[in-house]
Amino acid sequence: MARAPQVLKGMRDFLPEQMLLRQHVLSTFRGVFERYGFEPIETPVIEYLETLTGKYGEDEKLIYSFQDRGERNVGLRYDLTVPLARFVANHRNDLTFPFKRYHIAPVFRADRPQRGRYREFWQCDADIVGTKSMMADAEVVSVWIDALSAINMPGFVVHINHRKLLMSLAEVAGVPDDQTPTIHRAIDKLAKIGEDGVLKEMQSNGIPEDAARRVLDLVSITGEPGEVFDELARRLAGNSMAEEGISEMRSLFDFLDKMGADSSHYTLDLTLARGLDYYTGPVFEAMSVDANIGSLGGAGRYDGLVGMFSGEDLPATGCSLGLERIFDVIQEKNLVAAPSTVSKVLVTVFNGDTIGESLALVGELRRAGVESDIYSGEKFDLRRQLQYANRKGIPRTLILGPDEIQTGQVIVREMSTGDQQSVDRANVAEAIHSALRADRAAD
RNA sequence: GUGCCCGUAGCUCAAUUGGCAGAGCACUGGUCUGUGGAACCAGGGGUUGCGGGUUCGAGCCCCGCCGGGCACCCCA
């Protein structure tokens, strides 16, 4: 017994009941993406290693890599964004720009697993390639809000910052370029470790105290986004990097407002830092205060990434949701109801002599479009078959024994109540259809 | 990748200082030969995650590996 092999660290199996819930969530996301005009693509799970390297900074060490037969150096994709950039570079003559695509697929990271952190997990990405307009970024934030709302995610907020603002902070602090990430890492922890903690962290990494305080003062500005931008513009006047960032952020927030995006679901967060090297403009992170599972998704603008593959720069922006974390929250908090089985009805078998009658009935129902199971076990006691339906959550059973066959009837049993009704054999499909219509109307 | 905690039946957990591996639920069969989700009775199921070591003797102590979790790092 204990000999059964395990699955690899950080990877999981899914039972049918879980898959039905996953598929339900995925089709909800697909619906939201398509409502915004995003269209599906797929790319290979494996890429040439050199396609993946040099894009993620420090995280590069988490790429699964190996040699295939033929000794090519290859890697499992780390996200869906870099494959998209490669995809666009390969197919740019066949695409219509701005190109909007969504991509829902597994990605791999050789990270140390933890709650909400897996080595294989699914991402749900929506991106727009080929425009620098903040309209695209607003679309991305908005589609995110709609997707998370559609699955009843509680208390989620999209935090918004801008890479150019982050860069200008480092300029203001007067630290060398290679110290920039240190500052970003420190301020990103503000909510967690407080001002003193941030100051301490910066100083222990060689940032002078007065520079650290200047940075901290800037990111501590609070108020309505418009007021914060005004204040930042005053304090960072003359810094061209900051001015570009502020101006883009103003139009992003303006567009979100005009789109009617729910402002309780997005917020300006000057401390938000995103680690991936390829971000160049607005950056986003979706978090749920109620979920306690870290971020639900990360996103941002990456204007230089496609150019790394094609030579021809194509600006791009997009978002990514982590399905496993969302799925874990949904299960934990019971946010979404999905059926526990695909079957709408179970046809029972009375005994060896009536198998033919039952098979004929189930075939008829299937041709009529009803998801119908037939009990295929070797023992025919009704008890066993009702138990099977009950455990799987199949809502109705059809019973046809010698008496019913004799009189041309079928018994339709409602499993939730135990109510039974005799229906003329000829009308069974229609009776089931109308019962299903009634079920749907009741929802 | 670093540091720490954990691993006993399908699940949740017991097992004095190292001394014959157990319970509840679940499962199978029966009470019940045309009716599930209840009850009662009986039964099956384990080389204690895997491999080594110490010991007269290891579920318990030591080492390695596999898997789970927490804190870092980082991230979805």
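All figures in this text were calculated on a predicted structure; none of them were measured in a lab. Numbers restart at 1 for each chain; the letters A, B, ... are given by sequence-line order, proteins then strands.
Nucleic acid contact for A:I326: none, since no nucleic acid atom lies under 4.0 Å from a heavy atom of the residue. Among the heavy atoms of the strands lying under 4.0 Å from A:R117 is at least one base atom, whether or not backbone atoms are also near. At a threshold of 4.0 angstrom between heavy atoms, the contacts of A:G393 with the nucleic acid are absent. Base contact: A:I399 has a heavy atom under 4.0 Å from a base atom. Within 4.0 Å (heavy atoms only), A:Y388 reaches no atom of the nucleic acid at all. Heavy atoms of A:L382 sit under 4.0 angstrom from at least one base atom. Contacts of A:V7 with the nucleic acid, taken as non-hydrogen atoms under 4.0 Å apart, involve only primed sugar atoms and P, OP1 or OP2. If you check every strand for non-hydrogen atoms under 4.0 Å, A:E404 touches a base. Residue contacts for A:T354: at a heavy-atom cut-off of 4.0 Å it reaches no nucleic acid atom on any strand shown. Counting non-hydrogen atoms under 4.0 angstrom, A:R274 reaches the backbone sugars and phosphates but no base.
Using a 4.0 Å cut-off, some side-chain N or O of A:K9 falls inside it from OP1 or OP2 of B:G67. Applying the 4.0 Å criterion to OP1 and OP2 of B:G36, one finds that A:Q385 has every side-chain N and O outside that range. Distances shown here put a side-chain N or O of A:K192 below 4.0 Å from the OP1 or OP2 atom of B:C72. For B:C73, one of the phosphate oxygens OP1 or OP2 lies less than 4.0 angstrom from a side-chain nitrogen or oxygen of A:K189. In terms of phosphate contacts, A:R115 brings no side-chain nitrogen or oxygen within less than 4.0 Å of OP1 or OP2 of B:G68.
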Inset, instruction - Using a 3.5 Å limit on both pairing distances, list the dot-bracket string of RNA chain B from the 5' end; Watson-Crick and G-U wobble pairs count, crossing pairs take [ ], interstrand pairs take |. - result: (((((((..((((.....[..)))).(((((.......))))).....(((((..]....))))))))))))....
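Within 3.5 Å, no donor on the side chain of A:E58 pairs with an acceptor on the base of B:G1, nor the reverse. A donor and an acceptor atom sit less than 3.5 Å apart, one in the side chain of A:R325 and one in the base of B:C75.
Judged by distance alone, the side chains of A:T267 and A:D269 never bring a donor and an acceptor atom under 3.5 Å apart.
Annotation: proximity of residues 154-164 of chain A to RNA chain B (heavy atom, distance under 4.0 Å) is found for no residue.
Within the structure, every pair that satisfies the ring pair (Phe, Tyr, Trp, His ring centres under 6.0 Å) test and touches residues 127-168 of chain A, not counting sequence neighbours, is listed here: A:F156-A:H265.
Remark: A:Y64 engages no residue in a ring-ring contact (aromatic ring centres under 6.0 Å, His included) (not counting sequence neighbours). Legend: residues meeting side chain to side chain contact (heavy atoms under 4.5 Å, CB included) with A:A368, ordered by chain and number and at least two apart, are A:A429, A:H433.
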Inset, instruction - Mind running side chain to side chain contact (heavy atoms under 4.5 Å, CB included) on A:D373 and A:Y388 for me, showing each step along the way? - result: CA-CA 11 Å; A:D373 197 4; A:Y388 173 88; 2.7 Å; yes
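For the pair A:Y278 OH and B:C75 P, the interatomic distance rounds to 10 Å; values are reported in whole Å.
A salt bridge links A:D303 and A:R301; the closest N-O separation between the charged side-chain nitrogens and carboxylate oxygens is under 4.0 Å.
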Filtered N/O pairs between nucleotides 27-31 of chain B and protein, under 3.5 Å:
from  : atom 1 : to     : atom 2 : distance (Å)
B:C27 : OP1    : A:R391 : NE     : 3.4
B:C27 : OP1    : A:R391 : NH1    : 3.2
B:C27 : OP1    : A:R391 : NH2    : 2.8
B:G29 : OP1    : A:R384 : NH1    : 2.9
B:G29 : OP1    : A:R384 : NH2    : 3.3

